[in-house]
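Written below as structure tokens is the structure these notes are about.
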Amino acid sequence: MQSYRVCVADDHEEVASVLVEGLRRHNYDAFAIHTGAEAIEACAKGGVDLVLLDICFPDVDGYEVCEKIKSSPASSDTVVIFVSVRGTQEDIAKGYHLGATDYITKPYNLPMVMVRVDAAMRTKNLRERLREQ
């Protein structure tokens, strides 16, 4: 089974560490960052399969981060799942419009987050296999 690299981008270190620990328990190679700029930089380097992305950062908001990730050739295949306290219909629609695969509102249920991450990674894997054929 492939080990996926997951970037948890959240400005609250405790929230990020809970997600990182949960991902690691499910055999993901996970790491945390705490600004929007760091998220853009991490994805631009390549090798990030999935970003669990908050919206509220002190520097660049998560929507702009998603837009930059999806518009860069180096990171356009990176799966983005928003994880945010902002959960209006408009927020969620905007997230999907910008290319997010999923949108999870806080507070979340950690086991359900893992189910949704697993589903997103299965879909990514299938897309890659279809592209190869």
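Reckoned from all heavy atoms, side chains included, excluding hydrogens, waters and symmetry mates.
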Only distances under 3.5 Å count here; give the side-chain donor-acceptor pairs of residues 126-133 to other protein atoms, sequence neighbours excluded, each with its distance to 0.1 Å.
| residue | atom | partner | partner atom | Å |
| --- | --- | --- | --- | --- |
| E128 | OE2 | K124 | NZ | 3.4 |
| R131 | NH1 | D77 | OD2 | 3.3 |

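No donor-acceptor distance shorter than 3.5 angstrom exists from the side chain of E41 to the backbone of A37, with no hydrogens or angles considered. Between the side chain of T78 and the main chain of V48, a donor-acceptor pair closer than 3.5 Å is present.
Within the structure, the ring pair (Phe, Tyr, Trp, His ring centres under 6.0 Å) test picks out the following pairs touching residues 87-115 (sequence neighbours left out): F82-Y103. The stretch residues 113-133 participates, sequence neighbours left out, in no ring pair (Phe, Tyr, Trp, His ring centres under 6.0 Å) pair at all. Sorted by first and then second residue, the side-chain hydrogen bond (donor to acceptor under 3.5 Å, both in side chains) pairs with a member in residues 49-75 read Y63-D91; sequence neighbours excluded.
Looking at residues two or more places apart in sequence or on another chain, you find no salt bridge (charged side-chain N to carboxylate O under 4.0 Å, His left out) involving R24. Scored by the side chain to side chain donor-acceptor pair (under 3.5 Å) test, R25 finds no partners at all (sequence neighbours excluded).
Pairing each heavy atom of A120 with each of T101, the nearest pair is CB-CG2, 4.2 Å. In plain terms, the two heavy atoms of G87 and I92 that are nearest each other are O-CD1, 3.6 Å.
Using a 4.5 Å heavy-atom threshold, the side chains of L53 and V65 count as touching.
For the residue pair Y28 / D118, a side-chain donor-acceptor distance below 3.5 Å is found, with atom types taken as modelled.
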_Chi angles and distances behind the side chain to side chain contact (heavy atoms under 4.5 Å, CB included) call for L23, M114_ = CA-CA 7 Å; L23 288 159; M114 294 305 123; 3.9 Å; yes
